[in-house]
Amino acid sequence: MNTRFTWLLIAIALALTGYVIVTERVRTPPNPVPDYVSFDPARVLAVELLRSNAVVRVERTTNGWRMTLPVQYPAQAIAVNAFVDGLAKLRPRLALQVPAASGSGGTNDLREFGLGDSATLVKLETGETAPLIYQLGGPTPLGSQFYFRRVGAGGIFTADDAFLATLPPAPDFWRDRGLFDLRGREFDRVEIRGPTAFTAVRDPRAGAWQLVKPLAARADGERIEALINALQSARVTRFYSDSPLTELEPLGL
């Protein structure tokens with residue numbers, strides 16, 4: 001075999017490799033996610049989700065998060081914070097520029113990314129700037145990632161689909177499951193109605209409980225405190241109805 005010819009082939013191969021590396025570096029943008037800047041979760045004052053015509057809205061108050069849509073109700077702070085923190089921590093990769101995706105057929109071309117009318121819409125309000133609006137789309141072909149957009153960021157991005165587990169699967173998922181919120185309250189009277197009705201009051205000086213109905217007598221303070229603690233720890237398993245027109249008699253209420 002001709003040694004000179006072999007070295008010539010090696011030199012050509014090296015030259016071609018160098019050309020490919022240089023041209024690929026030129027084609028690769030220095031910033032793969034142009035105009036994408038995250039946000040500070042602590043500055044978020046309200047979160048609104050629109051999924052399949054169902055709207056969920058929670059607002060930050062001095063006592064934590066409170067749901068305002070679809071009903072007025074205390075919200076689960078842990079679940080809401082997990083969603084907001086997860087959205088802020090997304091590490092996106094640029095999948096496609098928006099003009100390239102929608103230039104020929106408008107927004108219809110976004111359906112292949114799950115970013116059409118069926119996409120989940122997320123709006124974050126901070127009170128300082130315009131709301132941040134996100135569209136959460138479908139999974140990528142290879143899995144473990146999903147497509148999403150943010151208004152003003154100028155592209156379609158992909159991110160780890162583990163974030164999607166923080167989305168509420170139902171409108172009432174973010175509602176607080178506590179049956180009663182008795183935190184920080186001092187009680188001096190307990191009244192139970194029904195077959196075992198009784199009324200007990202707490203002596204403000206000694207702190208001991210006394211029965212006043214059905215008879216005057218010393219009460220078992222430990223059992224009354226246990227009752228109050230049980231009410232505080234009771235959890236809602238399912239929200240049946242929020243309609244004021246619900247018939248209560250069939251429910252034993």
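Everything numeric here is computed off the predicted structure, so don't read it as measured data. All heavy atoms count here, side chains included; hydrogens, waters and symmetry mates do not.
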Quiz prompt | Shortest non-hydrogen separation from Pro92 to Phe148 and the atoms involved | solution = CB-CZ, 3.5 Å

Exercise. Provide the closest heavy-atom pair for Pro141 versus Tyr147 in the form atom of the first, atom of the second, distance.
Key: CD-OH, 3.4 Å

Quiz item: Quick one: do Val122 and Leu45 end up in the same hydrophobic cluster if we chain Ile, Leu, Val, Met, Phe, Trp and Tyr together by side-chain heavy atoms under 4.5 Å apart?
Solution: no

Quiz item: Counting only heavy atoms not in Leu251, do more than 12 fall under 6.0 Å of its CG?
Solution: yes

Quiz item: At what distance, to the nearest 0.5 angstrom, does CZ of Arg150 lie from CZ of Phe39?
Solution: 8.5 Å

Exercise. Look up atom CG in Leu136 and atom OG in Ser118, then write down how far apart they are to the nearest 0.5 Å.
Key: 11.5 Å

Practice problem: Identify the two heavy atoms, one from Ala197 and one from Pro214, that lie closest to each other, and give their separation to 0.1 Å. | Solution: O-CD, 3.9 Å

Exercise. Kindly state each residue pair satisfying salt bridge (charged side-chain N to carboxylate O under 4.0 Å, His left out) with at least one member in residues 50-67, sequence neighbours excluded.
Key: Glu48-Arg57, Arg57-Glu59, Arg57-Glu125

Which pairs would a plain distance check flag for residues 79-90, meaning a side-chain donor or acceptor within less than 3.5 Å of a matching protein atom at least two apart in sequence or in another chain?
residue : atom : partner : partner atom : Å
Asn81   : OD1  : Trp65   : NE1          : 2.9
Asn81   : ND2  : Ala77   : O            : 3.1

Practice problem: Consider only side-chain heavy atoms of I, L, V, M, F, W and Y, link residues closer than 4.5 Å, and tell whether Tyr73 and Val58 are in one cluster. | Solution: yes

Quiz item: Between the side chains of Thr140 and Thr158, does any donor sit under 3.5 Å from an acceptor?
Solution: no

Self-check item: Other residues, nucleotides, ligands: >12 heavy atoms within 6.0 Å of Arg235 CZ
Solution: yes

Quiz item: If you measure from OG on Ser52 to CG on Asp117, what distance do you get to the nearest 0.5 Å?
Solution: 11.0 Å

Practice problem: Dump the intermediate steps for side-chain contact (heavy atoms from CB on, under 4.5 Å) on Thr120 and Gln135, then the final yes or no. | Solution: CA-CA 6 Å; Thr120 297; Gln135 273 186 307; over 6 Å; no

Self-check item: Expected output: side-chain Gln76 to main-chain Phe173 donor-acceptor under 3.5 Å
Solution: yes

Quiz item: Side-chain heavy atoms under 4.5 angstrom apart, residues restricted to Ile, Leu, Val, Met, Phe, Trp, Tyr: same cluster for Val151 and Leu50?
Solution: yes

Exercise. Apply side-chain contact (heavy atoms from CB on, under 4.5 Å) to Thr129 and list each qualifying residue two or more places apart in sequence or on a separate chain.
Key: Thr126

Practice problem: Begin from the C-alpha positions of Leu121 and Ile133 and carry the test side-chain contact (heavy atoms from CB on, under 4.5 Å) through to its verdict. | Solution: CA-CA 7 Å; Leu121 192 67; Ile133 300 177; 3.7 Å; yes

Quiz item: What ring pair (Phe, Tyr, Trp, His ring centres under 6.0 Å) pairs are there with at least one residue in residues 202-227, not counting sequence neighbours?
Solution: none

Exercise. First locate atom OG1 of Thr199, then atom CZ of Arg189, and finally report the distance between them rounded to the nearest 0.5 Å.
Key: 5.0 Å

Self-check item: Atom pair CD1/CG of Ile156 and Leu115 - distance to nearest 0.5 Å
Solution: 5.5 Å

Quiz prompt | Contact check, side chains of Met67 and Gln72, non-hydrogen atoms, under 4.5 Å | solution = no

Quiz item: Do Ile192 and Leu179 belong to the same hydrophobic cluster, where Ile, Leu, Val, Met, Phe, Trp and Tyr are linked whenever their side-chain heavy atoms lie under 4.5 Å apart, directly or via other members?
Solution: yes

Quiz item: Quick one: side chain to side chain donor-acceptor pair (under 3.5 Å) pairs with a partner in residues 161-179, sequence neighbours left out?
Solution: Arg175-Asp242

Quiz item: With sequence neighbours left out, what residues match Ala230 under side-chain contact (heavy atoms from CB on, under 4.5 Å)?
Solution: none

Exercise. May I have the step-by-step check of side-chain contact (heavy atoms from CB on, under 4.5 Å) for Leu227 and Ile224, ending in yes or no?
Key: CA-CA 5 Å; Leu227 172 63; Ile224 293 178; 5.5 Å; no

Quiz item: Does the side-chain contact (heavy atoms from CB on, under 4.5 Å) test come out yes or no for Thr246 and Tyr240, once each step is laid out?
Solution: CA-CA 10 Å; Thr246 302; Tyr240 181 77; 4.1 Å; yes

Quiz item: Is there a donor-acceptor pair under 3.5 Å between the side chain of Arg202 and the backbone N or O of Val190?
Solution: no

Quiz item: Of the non-hydrogen atoms in Gln210 and Arg218, which two are nearest, and what is the gap between them?
Solution: OE1-CA, 3.5 Å

Practice problem: Calculate, to the nearest 0.5 Å, the distance between atoms OH and CZ belonging to Tyr134 and Phe157 respectively. | Solution: 10.0 Å

Quiz item: Is there a path from Leu69 to Leu49 through hydrophobic residues (I, L, V, M, F, W, Y) whose side chains come within less than 4.5 Å of each other?
Solution: no

